[in-house]
2 protein chains.
Amino acid sequence: MTVQSNNDGSTGEQRDDGVTMASIHDVARVAGVSISTVSYALSGKRSIAESTRRRVEDAVRQLDYRPNAGARMLKGARTNILALSAPLHAATHAPAHMTFVLAVARAARAYDFDILLLTQDEATSGIRRVARSSLVDGILLLDVSSDDERAPLLRELGLPAAVIGIPDDVTGLTCVDLDFEKAAQMCVTRLVGQGHRQIALLGQDPAVYERRSNFPPRFRDAFLAEADRLGVGTFFTPAKEDTASVAEALAAIDGALPGLDALVMHANEPVQSMVLDLLRQRGIRVPQDLSVISACSSFDTDHLHPALDVVPLPADRSCTRAIELTMAQLGTRSAPSDAVPHVELIEPEYIELGSTASRTPA
Amino acid sequence: MTVQSNNDGSTGEQRDDGVTMASIHDVARVAGVSISTVSYALSGKRSIAESTRRRVEDAVRQLDYRPNAGARMLKGARTNILALSAPLHAATHAPAHMTFVLAVARAARAYDFDILLLTQDEATSGIRRVARSSLVDGILLLDVSSDDERAPLLRELGLPAAVIGIPDDVTGLTCVDLDFEKAAQMCVTRLVGQGHRQIALLGQDPAVYERRSNFPPRFRDAFLAEADRLGVGTFFTPAKEDTASVAEALAAIDGALPGLDALVMHANEPVQSMVLDLLRQRGIRVPQDLSVISACSSFDTDHLHPALDVVPLPADRSCTRAIELTMAQLGTRSAPSDAVPHVELIEPEYIELGSTASRTPA
DNA sequence: CTGAAAGCGCTTACAG
DNA sequence: CTGAAAGCGCTTACAG
């Protein structure tokens, strides 16, 4: 480590002097009113003479006043902070994960809430810590597994909370997630409706299925069940994120379904990209020779070659809804039913971009 | 959106009743001491009779007491929260970004600080908001551009802060970053030392260079300058993250450097993976026919085929150091020089994994 | 070694 | 329509 330059230390003092924080007393003094008037003028919780309000607002602007967060928490019983427990597991796709984290932060800001980030290392202890110190008003869980240890903790704490994803035991919890079953059925129904008779599913890393994640198996099982129900040939294979593994998966599909006419991919972007490369190399045209659908993808499929039909993973909608439900539990403007623990499944949407085509019976 | 089930609402009440928060008064009562004794017993700021301390600790455990964060902030003038401004720009590689975010959070926890996440939408206004409301004790900046608008804001606010990355004007700022120049020189020196005479650099997405990011040009310029200085042939080309663009970049390199014997990649993981695939397809062996180095990569290169020599992007070290420097500004145990604004460059490290080989003169 | 009390900056009944 | 005052739960001089 090299200290390259010691540039001018215009600020050396320890605490933020120079830039002094104005208090409500300063505002009151400048505006020539009492502090309670300032407080009410800002909260709007009682009627204020127009002229008074204006003077207060001027003073606020002049002093760049912002209520002290600590005082507000202490008195207001509301911290306006939500904890986001966002473990990043090995098999979690980072870009997708990041999308959810940012979507939660954005949705929370719409209600004037900030997000405190809790990581893997501190999964349950961190949640417990911030909850018991009244640092946060509520808790959001990301990336939940079927037997997630954070679920019982949420029940124990009884704080406003929402889970993005669905653990096995949802008692007392508010959960939001894409309806993966319906998404799978949607893909199968469409393909079969178009006359496809041999449809394969290329899934995520095998580790994802073996372990904890709950939605990939949900998608897979619904896919296979629906294909069976409709009497078409079907086959599932996972794939790791490297060319060799992807090639192997395609070979396995070829072996199992010699007349393959449609492929659904529930996989990360690089994998989908590799598959398209391999198809191109083999001269297999999409959709003329093979219909392809990208399922529950968190990325834009219109950059792919070719652009793929997609049932998007609606991170924004899930996160927005999770925040809404947390706010409802906090008693903010909302339908009363939103405040009650329940599981909410988000309706999947099918977006056509031309990567599937009808098979006319030969 | 479908409401699937209304499972038992074991917690219906608005605020966290049932699970009542114990206050310092409760602890004092249970322990049979005054509240100041409780406070001192916990902070260790004055000596306490061993028996008293034990009774206090028992009471704390029994009540699962944790000091109220709001009260602590209000009085203690310390919130134990740092703001992390982490915009996610289009050209930013999400996995790398996530690595930094998590590393910052982890490092902060080592000092008992939490991380408040500020996003893109609110870049400067969010920083201003949390600073003026005294919600945070300090600020961390991620993903800074040369002319980042957050840099002058940090100067204005005068709060403890650290920047990960180096903006053009570093006056009054504390910045930490990998020494990209030295990393580039390290790669060139090694390759030239091994007898390579035609070394190419395959870089990031062209947008990254056109726009705001400051470190990719730093690496590129140092690379080209050092190659010139040592009198070897050199060529730079950016590459987008798709097979076509990567193939094009390799073609451009072939055209410019017909006798190419070494390739350095400062690019995302998928791009590096694609390059290796293409080399393999063309029968170019690494390192026998071509030496390859992965530069400033935030991922493990030993999963690649073949594993690549790498100068890692040390997210952990940068983030840990940034937190240390922020803590120093807050007056926590530290070298006095750490508290003064300065730029700190992290020494790059070269890790050999066998993807370069000496060229014996023909 | 310990306690009583002031005060951090707010919000919100209570009075007028 | 507005103000004086209590009190949220801590920390930290001040006293003993």
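So that the names make sense, note that chain A is the first sequence line, chain B the second, and so on, each numbered from 1.
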**Student:** Would you call D121(B) and R109(A) a salt bridge, taking side-chain N to carboxylate O under 4.0 Å as the test?
**Tutor:**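 Salt bridge absent between D121(B) and R109(A).
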
**Student:** Once you round it to whole Å, what is the distance between P of dG9(D) and CZ of R29(B)?
**Tutor:** 12 Å

**Student:** What nucleotide, of dG9(D), dT12(D), dT11(C), holds the atom closest to the side chain of L74(A)?
**Tutor:** dG9(D)

**Student:** May I ask you to verify if any side-chain N or O of K75(B) is less than 4.0 angstrom from the OP1 or OP2 atom of dT12(D)?
**Tutor:** no

**Student:** I24(A) side chain: which of dG9(C), dC1(C), dC10(D) is closest?
**Tutor:** dG9(C)

**Student:** Given atom CE of M73(A) and atom P of dG9(C), what is their separation to the nearest angstrom?
**Tutor:** 15 Å

**Student:** Tell me whether the side-chain N or O atoms of S36(A) pair up with the base of dA4(D) as donor and acceptor below 3.5 Å, since no angle test is needed here.
**Tutor:**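 Checked by distance alone, the answer is yes.
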
**Student:** Atom CZ of R78(A) to atom P of dT12(C): distance rounded to whole Å?
**Tutor:** 10 Å

**Student:** Quick one about S36(A) and S39(A) (side-chain donor to acceptor, distance below 3.5 Å, no hydrogens or angles considered), yes or no?
**Tutor:** no

**Student:** May I ask you to evaluate whether T37(B) reaches the phosphate of dT2(C), defined as a side-chain N or O under 4.0 Å from OP1 or OP2?
**Tutor:**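 Checking T37(B) against dT2(C): no side-chain N or O falls below 4.0 Å of OP1 or OP2.
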
**Student:** Per the atom types in the model, does the base of dG9(C) pair as donor or acceptor with the side chain of R72(B) at under 3.5 Å?
**Tutor:** no

**Student:** For N80(B) and dC10(D), what is the distance between atoms CG and P respectively, to the nearest whole Å?
**Tutor:**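 After rounding, the reported distance stands at 15 Å.
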
**Student:** From CD1 of I35(A) over to P of dG7(C), roughly how many Å is that when rounded to an integer?
**Tutor:**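 After rounding, the reported distance stands at 15 Å.
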
**Student:** Ignoring hydrogens, what is the shortest heavy-atom contact between N80(A) and D137(A)? Give both atom names and the distance.
**Tutor:**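 Answer, listing the atom of N80(A) first, then D137(A): N-OD2, 2.7 Å.
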
**Student:** Between dC10(C), dT2(D), dC1(C), which nucleotide gets closest to the side-chain atoms of A49(B)?
**Tutor:**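 That would be dC1(C).
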
**Student:** So which heavy atom on A22(B) is nearest to which on Y65(B), and how close?
**Tutor:** O-CD1, 3.3 Å

**Student:** Can you confirm whether the side chains of R150(B) and S85(B) place a donor and an acceptor under 3.5 Å from each other?
**Tutor:** yes

**Student:** On DNA chain D, compare the nucleotides closest to H25(B) and S34(A); which residue's is nearer the 5' end?
**Tutor:**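 This one resolves to S34(A).
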
**Student:** For the pair made of CG in L42(B) and C1' in dT12(D), what is the distance, rounded to whole Å?
**Tutor:**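 Rounded to whole Å, this separation is 14 Å.
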
**Student:** Could you state the CD-C1' distance from E50(B) to dC1(C), rounded to the nearest angstrom?
**Tutor:**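 Computing the E50(B):CD to dC1(C):C1' distance gives 13 Å.
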
**Student:** For R53(B) and dC1(C), give me the distance from atom CZ to atom C1', rounded to whole Å.
**Tutor:** 12 Å

**Student:** Under 4.0 Å between a side-chain N/O of T52(A) and OP1 or OP2 of dC1(D), yes or no?
**Tutor:** no

**Student:** So which one's nearest nucleotide on DNA chain D is more toward 5', S23(B) or Y40(A)?
**Tutor:** Y40(A)

**Student:** Where the side chain of R46(B) is concerned, which of dC1(D), dG3(C), dC10(D) is the nearest nucleotide?
**Tutor:** dG3(C)

**Student:** Does dT11(D) have OP1 or OP2 under 4.0 Å away from a side-chain N or O of S39(B)?
**Tutor:** yes

**Student:** Between E156(B) and R128(B), is there a salt bridge with N-O shorter than 4.0 Å?
**Tutor:**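 Looking at R128(B) and E156(B), the cut-off is met.
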
**Student:** Please pick, from dC10(C), dC10(D), dC1(C), the nucleotide with the shortest atom-to-atom distance to any side-chain atom of N68(B).
**Tutor:** dC10(D)

**Student:** Do the side chain of R66(B) and the base of dG9(D) come within less than 3.5 angstrom through a donor-acceptor pair of N or O atoms?
**Tutor:**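 No such pair is found, so the answer is no.
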
**Student:** Looking at dG16(D), which nucleotide sits across from it as a Watson-Crick or G-U wobble partner, both distances under 3.5 angstrom, or is there none?
**Tutor:** dC1(C)

